[in-house]
Amino acid sequence: MQRANGVERSPGNVRQRKSATTRHPPAALTAPQVALPKRSPRTPARPAKAAPGTTDLPRRARLLIDWFNRSARDLPWRRTTDPYAIWVSEIMLQQTQVATVIPYWERWLREFPDPATLAAAPEARVLKLWEGLGYYSRARNLQRAAQTVVREHGSRLPDTVAGLKELAGIGPYTAGAIASIAYNQPAALLDGNVIRVLTRHQAWPGDPRSRELNTRLWAEAQQLVDAAARLTQPRNSGAVRNCSALNQALMELGATVCTPTSPRCDDCPWQTTCAAKARGQTDRFPETAARPKVELRYFATALLRHKDRWLVRQRPTGIVNAGYWEFPNLELPDNTEPRTALAQWLGIPIQQLEAAGTLRHAITRYRMTQHLYRADVPRAVALESARWVSPAELAELALTGPHRRLAATLA
DNA sequence: AAACCGTGGAG
DNA sequence: TCTCCAAGGTT
């Protein structure tokens with residue numbers, strides 16, 4: 001979808017960005033942004049040429065902003081200036097792709113249109129709307145932060161990086177994102193996209209998570225957004241404000257052009273100064289560290305029916321996926337026979353458990369295999385924090401992804 | 001500070 | 001199928 005892009009629209013007043021716009025003259029070729037040997041002291045003094053990588057910051061910022069205003073994707077959270085709505089989008093977008101987030105974000109804003117509504121909502125409903133999105137502590141933190149905003153900030157989201165970072169679930173990236181995108185402050189941000197764009201443009205080797213390179217990347221991002229703040233704002237009424245545009249552009253570039261594999265350098269506004277492109281080495285940056293080893297884990301899962309009801313239980317506070325419901329689920333130590341272990345755990349005769357296939361899924365470095373068993377039990381089994389629920393009730397409960405898919409297969 | 005947290009798309 | 005990685009934060 002490449003239409004009416006990069007347009008900041010206020011609700012009910014959709015402004016249209018003018019077409020084409022002024023393109024800047026072709027960028028003069030400049031030195032690649034890498035550490036170059038220092039000019040020898042004997043070199044005759046010239047009208048000082050600033051060090052490479054600083055002179056052209058304003059020009060690079062301008063190129064990026066213009067590119068963004070020209071060709072950014074039309075995403076729902078780019079149609080609002082409401083800091084709360086932008087905040088929600090930033091939390092949902094943490095380690096989660098745009099296409100996945102869109103329906104969740106729309107549903108969320110419909111049901112929780114402002115911090116006060118979210119703060120007052122039942123947690124069960126908050127978890128339900130996050131169901132399937134993953135990283136579930138984000139949902140609990142978001143509600144907790146909304147309660148803080150209501151209680152301590154008069155329901156208005158703070159507009160400084162420091163103030164934002166005080167809130168649950170807001171770290172360095174998200175604080176910079178909200179401050180710049182919602183409030184147009186010259187706050188830097190660094191995410192996976194920006195790391196890729198900057199390490200390639202500068203041809204910076206090393207692990208981006210190392211202290212040294214990480215510090216350098218933040219400094220570079222800060223210089224860019226500072227340069228953006230000093231540029232004149234495009235008069236085009238649809239143009240996104242400069243700091244906001246610059247940071248979104250860095251991420252947009254990483255997401256759509258400077259992609260992990262096969263980057264489309266011909267479409268890149270920084271192609272003439274990119275050191276990695278100049279060397280034909282875009283695939284060498286960033287230097288990512290080795291991933292942790294994959295580990296296998298096994299579970300036995302019971303689909304127990306009594307009359308027309310299924311047994312589910314709620315995960316307690318303080319553990320992974322707290323508050324979410326699931327079918328009774330037992331992790332198996334190495335090579336345990338699942339059916340025996342499950343029958344023993346539930347206290348029902350082993351013959352009642354009928355094998356119902358396996359379910360595989362992955363979370364982070366773990367590869368899980370769930371052995372499924374069904375049983376129609378004559379009497380309700382008692383299990384801690386468990387309930388027998390009708391299919392209709394089950395549909396209203398918040399389940400994690402694999403268990404939600406499991407629920408969908410039940411008759 | 002390394003480990004942990006979910007899920008889906010892309011190749 | 002399998003790996004990578006995505007608008008990261010918390011402990």
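Numbers restart at 1 for each chain; the letters A, B, ... are given by sequence-line order, proteins then strands.
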>> In this structure, how many angstroms lie between the P atom of C/dG8 and the CG atom of A/Leu250, rounded?
In response: 13 Å
> Among pairs that include at least one residue of residues 100-126 of chain A, which meet ring pair (Phe, Tyr, Trp, His ring centres under 6.0 Å), considering only residues two or more places apart or in two chains?
Replying inline: A/Trp77-A/Trp105, A/Trp108-A/Phe112, A/Trp108-A/Trp130
Distances under 3.5 Å only, N/O to N/O: pair up the protein atoms with those of nucleotides 9-11 of chain B.
{"from": "B/dG9", "atom 1": "O4'", "to": "A/Gln97", "atom 2": "OE1", "distance (Å)": "3.2"}

>> At 4.0 Å (heavy atoms only), tell me whether A/Thr400 reaches a base, stays on the sugar-phosphate, or touches nothing.
In response: sugar-phosphate
>> Quick one, A/Arg138 with A/Asn141, criterion side-chain hydrogen bond (donor to acceptor under 3.5 Å, both in side chains). Give me CA distance, side-chain angles, the key distance, then yes/no.
In response: CA-CA 5 Å; A/Arg138 292 185 293 177; A/Asn141 284 338; over 6 Å; no
> Got a sec, which pairs hit salt bridge (charged side-chain N to carboxylate O under 4.0 Å, His left out) with one end in residues 93-109 of chain A, sequence neighbours left out?
Replying inline: none
> Hey, is the side chain of A/Thr96 pairing donor to acceptor with the base of B/dG8 inside 3.5 Å?
Replying inline: no
> So what does A/Gly254 touch, heavy atoms closer than 4.0 Å: a base, only the sugar-phosphate, or nothing?
Replying inline: nothing
> Tell me: CZ of A/Arg360 to C1' of B/dG8, nearest whole Å?
Replying inline: 18 Å
>> Within the 4.0 Å heavy-atom criterion, would you say A/Trp77 contacts the bases, only the backbone, or no part of the nucleic acid?
In response: base
>> Test of understanding: with salt bridge (charged side-chain N to carboxylate O under 4.0 Å, His left out), list the residues that count as partners of A/Asp267, not counting sequence neighbours.
In response: A/Arg264
> What is the distance from CG of A/Leu133 to P of C/dA6, rounded to the nearest Å?
Replying inline: 17 Å
>> Whole angstroms only, please: what is the CD-P distance between A/Gln95 and C/dA7?
In response: 9 Å
> How would you list, by chain and number, every residue that makes a salt bridge (charged side-chain N to carboxylate O under 4.0 Å, His left out) with A/Arg209, sequence neighbours excluded?
Replying inline: A/Asp207
> Does any donor atom in the side chain of A/Asn214 or A/Arg211 lie under 3.5 Å from an acceptor atom in the other side chain?
Replying inline: no
>> Within the 4.0 Å heavy-atom criterion, would you say A/Arg404 contacts the bases, only the backbone, or no part of the nucleic acid?
In response: nothing
> In whole angstrom, what separates A/Tyr136's OH from B/dC4's P?
Replying inline: 19 Å
>> Give me the distance, rounded to whole Å, that separates B/dG6 from C/dT11 when you measure between the P atoms they each carry.
In response: 13 Å
> What ring pair (Phe, Tyr, Trp, His ring centres under 6.0 Å) pairs are there with at least one residue in residues 247-283 of chain A, not counting sequence neighbours?
Replying inline: A/His201-A/Trp270
>> Work out how far the P atom of B/dG11 is from that of C/dA7, and round it to whole angstrom.
In response: 14 Å
>> Please determine whether a side-chain nitrogen or oxygen atom of A/Tyr135 lies at a distance below 4.0 Å from atom OP1 or OP2 of B/dC4.
In response: no
>> Given C/dC5, C/dA7, B/dT7, identify the nucleotide with an atom nearest to the side chain of A/Pro260.
In response: C/dC5
> Looking for any heavy atom pair under 4.0 Å, which part of the strands does A/Asn321 touch: base, sugar-phosphate only, or nothing?
Replying inline: sugar-phosphate
>> Quick one, A/Asn242 and A/Pro234 - any side-chain contact, counting heavy atoms below 4.5 Å?
In response: yes
>> Let's see if you get this right: which residues in residues 183-192 of chain A place a heavy atom under 4.0 Å from DNA chain C?
In response: A/Asp191, A/Gly192
> If you look at every strand shown and take non-hydrogen atoms under 4.0 Å, does A/Tyr104 touch a base, only sugar-phosphate, or nothing?
Replying inline: nothing
> For A/Cys258 and A/Arg200, what are the C-alpha separation, side-chain angles and deciding distance, and is it a side chain to side chain contact (heavy atoms under 4.5 Å, CB included)?
Replying inline: CA-CA 9 Å; A/Cys258 195; A/Arg200 282 179 178 167; 3.3 Å; yes
> Could you state the CD-P distance from A/Glu131 to B/dG6, rounded to the nearest angstrom?
Replying inline: 14 Å
> Residues in salt bridge (charged side-chain N to carboxylate O under 4.0 Å, His left out) with A/Arg297, at least two apart?
Replying inline: A/Glu331
>> Under the rule for salt bridge (charged side-chain N to carboxylate O under 4.0 Å, His left out), what residues qualify as partners of A/Arg367, not counting sequence neighbours?
In response: none
Report each atom pair, protein N/O against N/O of nucleotides 9-11 of chain C, whose distance is under 3.5 angstrom.
{"from": "C/dG9", "atom 1": "OP1", "to": "A/Gly171", "atom 2": "N", "distance (Å)": "2.9"}
{"from": "C/dG9", "atom 1": "OP1", "to": "A/Gly171", "atom 2": "O", "distance (Å)": "3.4"}
{"from": "C/dG9", "atom 1": "OP1", "to": "A/Thr174", "atom 2": "N", "distance (Å)": "2.9"}
{"from": "C/dG9", "atom 1": "OP1", "to": "A/Thr174", "atom 2": "OG1", "distance (Å)": "2.7"}
{"from": "C/dG9", "atom 1": "OP2", "to": "A/Tyr173", "atom 2": "N", "distance (Å)": "3.3"}
{"from": "C/dT10", "atom 1": "OP1", "to": "A/Gly169", "atom 2": "N", "distance (Å)": "2.7"}

> Mind checking what makes side chain to side chain contact (heavy atoms under 4.5 Å, CB included) contact with A/Arg291, not counting sequence neighbours?
Replying inline: none
>> Tell me the interatomic distance from A/His361, atom NE2, to C/dT1, atom C1', rounded to whole angstroms.
In response: 17 Å
> Between B/dT7 atom P and A/Leu93 atom CG, what is the distance in whole Å?
Replying inline: 17 Å
> Are any of A/Arg365's side-chain N or O atoms less than 4.0 Å away from OP1 or OP2 of B/dC4?
Replying inline: yes
>> If you assign A/Pro292 and A/Pro402 each to the DNA chain B nucleotide with the nearest heavy atom, which residue ends up on the more 5' nucleotide?
In response: A/Pro292
> Which whole number of Å gives the distance between the C1' atom of B/dC5 and that of C/dC5?
Replying inline: 15 Å
Check: residues 308-325 of chain A side-chain donor-acceptor pairs under 3.5 Å, at least two apart:
{"from": "A/Arg309", "atom 1": "NH1", "to": "A/Trp388", "atom 2": "O", "distance (Å)": "2.9"}
{"from": "A/Arg309", "atom 1": "NH1", "to": "A/Glu393", "atom 2": "OE1", "distance (Å)": "3.2"}
{"from": "A/Gln314", "atom 1": "NE2", "to": "A/Gly323", "atom 2": "O", "distance (Å)": "3.0"}
{"from": "A/Arg315", "atom 1": "NE", "to": "A/Val320", "atom 2": "O", "distance (Å)": "2.7"}
{"from": "A/Arg315", "atom 1": "NH1", "to": "A/Glu326", "atom 2": "OE1", "distance (Å)": "3.3"}
{"from": "A/Arg315", "atom 1": "NH1", "to": "A/Glu326", "atom 2": "OE2", "distance (Å)": "3.3"}
{"from": "A/Arg315", "atom 1": "NH2", "to": "A/Val320", "atom 2": "O", "distance (Å)": "3.1"}
{"from": "A/Tyr324", "atom 1": "OH", "to": "A/Leu127", "atom 2": "O", "distance (Å)": "2.8"}

>> Less than 4.0 angstrom between a side-chain N/O of A/Arg196 and OP1 or OP2 of C/dA6, yes or no?
In response: yes
